[in-house]
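Okay, so here's the structure we're looking at.
The analysis underlying the following values was restricted to heavy atoms, covering all of them including side chains, and did not include hydrogens, waters or symmetry mates. One-based numbering, in listed order, for ligands and for the atoms of each.
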Amino acid sequence: MKIVLVGYGKMGKEIEKILVSRGHEVIGKATKDNPLSSEMVKNVDAAIDFSTPDSVLDNINFLITHKIPSIIGTTGWNESYDEVKHRIDTEDGAMVHASNFSVGVNLFFKLNEQLAKLMEPYKEYTPEMTEIHHTEKLDAPSGTAISLATDLLQNHTQFNDWYCPQNDKKSKSGNKLKIEAVREHDVKGTHTISYQSKIDTISITHEAHNREGFALGAVISAEWIQNKKGIFTMKDVLALS
Ligand SMILES: NC(=O)C1=CN([C@@H]2O[C@H](COP(=O)(O)OP(=O)(O)OC[C@H]3O[C@@H](n4cnc5c(N)ncnc54)[C@H](O)[C@@H]3O)[C@@H](O)[C@H]2O)C=CC1
Ligand SMILES: O=C(O)C1=N[C@H](C(=O)O)C[C@H](O)C1
């Protein structure tokens, strides 16, 4: 495949290594100073966006307009999802988006759902979540944490929304699931869900040791989306129900 990278930071560089190792060609790198252009995307098979929450929606709209299959890893655009899905559905677009492209986290998503169902009848336990990332991360809470919270809330009735002390837009008001966003030097991504009672605590944790899992999942998704139309997630790529 011929690939354009949108965003050439920590993830863009990791993805480039995996693309080359799998025999693909990086024909363009869109950056803040050299943004996506019609010239850059000529003859491209897919674009892979790991940019910033502030730039991703413009990048998505550009790629849909130019009918380029896109792999969107950038987080922080949940509020724009419905408009993006409408454009993909009505303009015959093709996209795989995921808050987390790693196989391990997508298995962790299933574990989270199953634990929430198991714990539902045991009202003495109260769930809460913690995510830890590197100090350069721009959004809080992480997209992965939002995905985990959304799935937990659909399978456990104690709360009907979440809040994050580190996000002024999602402050605590009423009875909500807490997502604590912690920033520590060079942490690649650790997510913990805990159910706490007066007697004991039950926790599950996923810890990323490096960025390879995220990058490999994004590249596999770029290979998978070829000749497909519609909007998909990593669950579709992995055929996880
Ligand atoms: N879905 C997943 O599996 C994962 C998602 N992410 C997400 O990916 C995003 C990027 O993460 P990192 O690579 O660690 O960040 P980074 O800060 O290392 O790289 C982002 C790059 O995008 C560039 N950029 C800014 N505006 C741009 C524009 N208009 N067009 C193109 N590039 C632009 C920045 O200059 C920077 O070099 C974040 O939103 C992060 O949450 C990160 C890891 C895994
Ligand atoms: O910014 C990161 O690094 C990561 N961001 C993603 C998220 O917001 O969930 C995925 C992963 O946790 C790493």
Counting heavy atoms under 4.0 Å, the part of T31 that contacts ligand 1 is backbone
*For G76 and ligand 1, answer yes if some heavy atom of the residue is under 4.0 Å from a ligand atom, otherwise no.*
no
- Parallel, tilted or perpendicular: which describes the rings of F50 and F101, with under 30° parallel and over 60° perpendicular? tilted
ask   = Do you see a donor-acceptor pair shorter than 3.5 Å between the side chains of D151 and N112?
value = no
In this structure, atom 33 (C) of ligand 1 is nearest to the protein heavy atom K32 N, 3.6 Å
The answer for which part of E136 has a heavy atom under 4.0 Å from ligand 1 is neither
If you scan protein heavy atoms around atom 25 (C) of ligand 1, the nearest is T52 CG2, 3.5 Å
For this session: Give yes if a backbone or side-chain nitrogen or oxygen of Y8 is under 3.5 Å from a nitrogen or oxygen of ligand 1, and no if not.
Result: no
Going by the 4.0 angstrom heavy-atom rule, the piece of S142 near ligand 1 is neither
Atom 8 (O) of ligand 1: closest protein heavy atom, distance to 0.1 Å, is F50 CD2, 3.4 Å
E14: heavy atom below 4.0 Å from ligand 1, yes or no? no
Whether the H133 and S142 side chains hold a donor-acceptor pair (N or O, under 3.5 Å, no angle test) is what I'd like checked.
no
When distances are taken from atom 16 (P) of ligand 1, the protein heavy atom at minimum range is K10 NZ, 3.6 Å
Please verify the inter-ring angle class for F232 with W224; under 30° counts as parallel, over 60° as perpendicular, anything in between as tilted.
perpendicular
Among non-hydrogen protein atoms, atom 41 (O) of ligand 1 lies closest to T75 OG1, 2.7 Å
**OP:** Looking only at distances, please establish whether an N/O atom of ligand 1 is found under 3.5 Å from an N/O atom of P35.
**Re:** no
Looking only at protein heavy atoms, what sits closest to atom 27 (C) of ligand 1 is S55 OG, 3.6 Å
>> Evaluate H134 for polar contact with ligand 1, using N/O atom pairs at a separation under 3.5 Å.
In response: no
Just distances here: any N/O of R211 and N/O of ligand 1 closer than 3.5 Å?
-> no
Within 6.0 Å of NZ in K137, more than 12 heavy atoms from elsewhere: yes
Under 4.0 Å from ligand 2, residues with heavy atoms, in chain and number order, are T75, S99, N100, H133, H134, K137, S142, G143, T144, K188, H191, F214
| query | Judged by modelled atom types alone, do Q166 and E180 share a side-chain donor-acceptor pair under 3.5 Å? | reply | yes
Under 4.0 Å between heavy atoms, the region of S102 that gets near ligand 1 turns out to be neither
query: Polar-atom distance check: M11 versus ligand 1, any N or O pair below 3.5 Å?
result: yes
**Report entry** Any N or O of P53 closer than 3.5 Å to N or O of ligand 1
**Finding:** no
Consider only side-chain N and O atoms of D200 and S197, and report whether a donor and an acceptor are under 3.5 Å apart. yes
re atom 2 (C) of ligand 1, the protein heavy-atom contact at minimum distance is S99 O, 3.3 Å
### Message
Polar contacts were defined as any N/O atom of the residue lying under 3.5 Å from an N/O atom of the ligand; does this apply to F101 and ligand 1?
### Response
yes
Could you tell me whether the side chains of E16 and Y8 share a donor-acceptor contact shorter than 3.5 Å?
yes
- Is the backbone of N106 close enough, under 3.5 Å, to the side chain of N100 for a donor and an acceptor to pair up by distance? no
- Message: Looking only at the side chains, is there a donor atom on one of D33 and T31 sitting less than 3.5 Å from an acceptor on the other?
- Response: no
Point to revise | Close approach, A98 and ligand 1, non-hydrogen under 4.0 angstrom | key: yes
Looking only at protein heavy atoms, what sits closest to atom 5 (C) of ligand 1 is G73 O, 3.1 Å
